[in-house]
Amino acid sequence: MNFRFQRRHHLRKRALFRKVYEEGRFVTNRLLAFHFLANPEGRRRVGFAAGKKLGGAVLRNRCKRRLRECYRLCQDRLPEGMDCIIVARKAMIDADWQPLLAAFQDLIRRGRAMVESSR
RNA sequence: UGAGUGGGAAAGGCGAUCGCGGCCGCACGCAUGAGGCGGUCGAGGAAAGUCCGGGCUCCAUAGGGCAGGGUGCUGGAUAACGUCCAGCGAGGGCGACCUUAGGGCCAGUGCCACAGAAAUGAAGACCGCCGGCCUUCGGGCCGGUAAGGAUGCAACGGUGCGGUAAGAGCGCACCAGCGGCCGGGUGACCGGCCGGCUAGGUAAACCCCACCCGGAGCAAGACCGAAUAGGGAAGGGAUGAAGCGGCCCGCUGAACCUUCCGGGUUGCGUCGCUAGAGCCGUCGGGCAACCGCCGGCCCAGAUAGAUGAUCGCCACCGCGCAAGCGGCACAGGACCCGGCUUAUUGAUCACUCACAGC
RNA sequence: UGGGGCGUCGCCAAGCGGUAAGGCUCUGGACUCUGACUCCAGCAUCGGUGGUUCGAAUCCAUCCGCCCCAG
């Protein structure tokens with residue numbers, strides 16, 4: 001199994017982020033929000049967001065690192081050919097690792113279901 | 001033991017598995033992005049706030065004047081500073097020690113509300129005090145007086161003695177202030193003597209004086225690639241466009257510039273980008289800040305932005321008989337340095353005061 | 001990251017060294033049979049903390065919060 005997460009799979013342009021937020025669909029729970037939109041090239045790109053509401057740079061970077069780790073460990077379960085954005089919500093700052101991972105997998109499952117039912 | 005003052009450091013450690021960024025090497029591959037293996041390096045004392053000062057880049061090689069802004073006891077340190085060091089003066093504390101934008105209101109101007117007789121001019125008499133005159137015995141008028149009362153943040157030196165009708169630097173002693181001389185110190189200033197006999201406060205009010213400051217900022221600036229068509233109208237231009245962001249001068253100096261209408265593109269691009277007022281150590285100079293010689297070291301360069309997750313052991317703190325459980329601050333480079341300020345953890349050293357014991 | 005601006009009552013705001021205007025809202029009262037209108041009254045640690053001054057919303061320093069501009 002491949003646990004790597006390379007730069008070319010990142011979603012990086014501000015315009016792309018906006019496109020996913022405005023045109024894509026999303027699911028949420030208490031810790032996270034998961035936005036997604038079909039990629040025209042059929043590739044998968046992932047972005048992570050942690051707004052200023054969460055706190056200073058240390059906290060925001062830490063949230064993004066933990067989200068990247070979540071994605072790294074279960075990237076094969078995500079729907080293929082989608083641009084995805086994982087947004088950290090305020091409750092995530094105090095969340096432990098196991099509940100965070102569970103919340104992440106929960107969102108993926110629900111997102112997948114939405115994608116498959118719409119096909 | 002308790003309370004307190006000041007200083008210099010540190011910022012948990014080791015290991016395992018998966019994973020991330022830069023650089024170097026190797027082999028593979030080459031249509032292109034990339035990928036594989038090994039090595040090595042990989043956030044802070046404040047990286048923060050952006051409050052100052054520089055370097056660097058472009059505009060003149062950064063020039064002159066005005067305007068504007070900053071600093072403000074003295075001497076030194078420094079690339080420079082509003083920083084630092086050593087002092088002076090003035091406040092505060094029993095003390096260790098702390099605080100201090102601290103030049104000039106006899107260059108000029110302004111302000112000092114209310115209260116008060118009067119708020120700066122050698123002006124001014126509300127109550128009182130003293131003298132004279134008058135008196136209807138209640139007091140009235142004239143003059144002297146800033147010692148007392150009253151007002152105020154502040155009232156024309158303060159305290160004491162003498163003096164006087166009552167008083168007053170009117171006289172004397174000490175103190176404060178002013179001026180002069182002498183001595184010490186590089187200087188701020190300190191000490192002593194003499195003199196006249198007294199001149200409000202406010203410059204973080206305008207201002208004056210001394211010194212300093214050209215403007216922008218790495219989204220500076222340079223280059224490559226992709227895209228398209230560089231189109232139309234008006235105005236200005238060697239009688240000087242533009243650089244130049246407040247004005248004038250000066251300099252450079254060209255065929256462009258400004259406004260409106262219409263059209264079009266923008267990359268996992270490259271350089272700047274990290275070897276520096278650099279770090280560590282010995283010695284020397286200096287009270288110190290700091291400087292110098294020699295030797296050694298290379299210590300982040302990302303670009304949605306690299307350090308995480310899980311686990312084990314040992315530190316430290318709290319709870320508990322114990323097994324164990326919980327905790328372990330503030331906080332993340334973005335061109336780089338020197339400061340300041342703010343946030344914050346647990347220790348440590350020196351010193352001071354109080355109480356008790358020897 | 002760099003540059004610039006603003007904080008005065010619940011809301012909009014004036015004041016820029018000497019007692020914090022005004023409007024809307026709210027509360028109480030008057031008028032009315034009851035409401036509305038009208039009239040009267042009430043409602044402020046001037047973002048926080050220090051400093052300068054006799055005296056600070058105002059001047060100075062520092063911190064906090066919010067907004068705007070440049071990819």
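Only heavy atoms go into these numbers, but all of them, side chains included; no hydrogens, no water, no symmetry mates. Numbered from 1 within each chain, the chains take letters A, B, ... in sequence-line order.
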Q: Whole angstroms only, please: what is the CG-P distance between A/Leu101 and B/rC311?
A: 12 Å
Q: Within the side chain of A/Arg60, is there an N or O that forms a donor-acceptor pair under 3.5 Å with the backbone of A/Ala50?
A: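 Pair found, side chain donor or acceptor close to backbone of A/Ala50.
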Q: Considering only the C1' atoms, how many Å lie between B/rG72 and B/rA331, rounded to the nearest integer?
A: 38 Å
Q: Kindly say whether, by distance alone, the side chain of A/Arg60 makes a donor-acceptor pair under 3.5 Å with the base of B/rG332?
A: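 Flag unset: no donor-acceptor pair detected.
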Q: Using the P atom as the point on both nucleotides, what is the distance between B/rC212 and B/rC218, in whole Å?
A: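 My reading of the P atoms in B/rC218 and B/rC212 gives 30 Å.
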Q: Looking only at atom P, what distance separates B/rC98 and B/rA107, rounded to whole Å?
A: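 It comes out at 39 Å once rounded to the nearest Å.
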Q: Rounded to whole angstrom, note down the C1' distance from B/rA80 over to B/rA277.
A: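 These two C1' atoms come out 10 Å apart once rounded.
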Q: For the C1' atoms, the ones on B/rU61 and on B/rG75, what distance do you get once it is rounded to whole angstrom?
A: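 One C1' to the other, the span is 37 Å.
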Q: Between A/Arg68 and B/rG305, is there a contact of a side-chain N or O with OP1 or OP2 at under 4.0 Å?
A: yes
Q: Could you tell me the Watson-Crick or G-U partner of B/rA16, where both distances fall under 3.5 Å? Say none if there is no partner.
A: B/rU310
Q: Distance check needed: B/rA304 C1' versus A/Asp83 CG, whole Å only.
A: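 That distance rounds to 14 Å.
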Q: Please give the distance between the C1' atoms of C/rU53 and C/rA44 as a whole number of Å.
A: 24 Å
Q: Under a 4.5 Å side-chain heavy-atom rule over Ile, Leu, Val, Met, Phe, Trp and Tyr, are A/Ile93 and A/Val58 clustered together?
A: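 No, A/Ile93 does not connect to A/Val58 through the hydrophobic network.
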Q: Rounded to whole angstroms, how far apart are CG on A/Leu67 and C1' on B/rG19?
A: 15 Å
Q: Please give the distance between the P atoms of B/rC328 and B/rU345 as a whole number of Å.
A: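 Straight-line distance between the two P atoms is 13 Å.
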Q: Please give, in whole Å, the distance from B/rA309 P to A/Lys64 NZ?
A: 16 Å
Q: Taking N and O atoms by type only, does the side chain of A/Arg72 place a donor or acceptor under 3.5 Å from a partner on the base of B/rC18?
A: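 Yes.
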Q: Just how far, in rounded Å, is P of B/rG308 from CG of A/Leu100?
A: 15 Å
Q: Glycosidic conformation of B/rC98, syn or anti, with 90° from 0 as the boundary?
A: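 Classified anti.
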Q: Determine the interatomic distance between C1' on B/rA46 and the same-named atom on B/rC85; round to the nearest Å.
A: 24 Å
Q: Name the residue from A/Val87, A/Val27, A/Leu100 that meets the side chain to side chain contact (heavy atoms under 4.5 Å, CB included) definition with A/Leu32.
A: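 Testing each of A/Val87, A/Val27, A/Leu100 against A/Leu32, the sole residue satisfying side chain to side chain contact (heavy atoms under 4.5 Å, CB included) is A/Leu100.
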Q: Does any N or O in the side chain of A/Arg110 come within less than 3.5 Å of the main-chain N or O of A/Thr28, such that one atom is a donor and the other an acceptor?
A: yes
Q: For A/Arg62 and B/rA306, give me the distance from atom CZ to atom P, rounded to whole Å.
A: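 One finds 14 Å between P of B/rA306 and CZ of A/Arg62, rounded.
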Q: Please give the nucleotide sitting opposite C/rA20 as a Watson-Crick or G-U wobble pair, both distances under 3.5 Å, or none.
A: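 Base partner found: none.
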Q: To the nearest angstrom, how far is A/Arg66 atom CZ from B/rU307 atom P?
A: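 Interatomic distance, CZ of A/Arg66 to P of B/rU307: 14 Å.
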Q: Atom CG of A/Asp96 to atom C1' of B/rC311: distance rounded to whole Å?
A: 15 Å
Q: Please name the nucleotide paired to C/rU53 by Watson-Crick or G-U wobble geometry with both distances under 3.5 Å, or report none.
A: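 None - no nucleotide pairs with C/rU53, as no candidate has both distances under 3.5 Å.
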Q: Using 4.0 Å as the upper bound for N to carboxylate O, is an ion pair formed by A/Glu69 and A/Arg66?
A: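 Salt bridge absent between A/Arg66 and A/Glu69.
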Q: Report the base-pairing partner of B/rU71 (Watson-Crick or G-U wobble, both distances below 3.5 angstrom), or none.
A: B/rA210
Q: Could you classify B/rG38 for me, syn or anti, using a glycosidic angle within 90° of 0 as syn?
A: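 Judged by the O4'-C1' to base torsion, B/rG38 sits in anti, the angle falling more than 90° away from 0.
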Q: Parallel, tilted or perpendicular: which describes the rings of A/Phe26 and A/His35, with under 30° parallel and over 60° perpendicular?
A: parallel
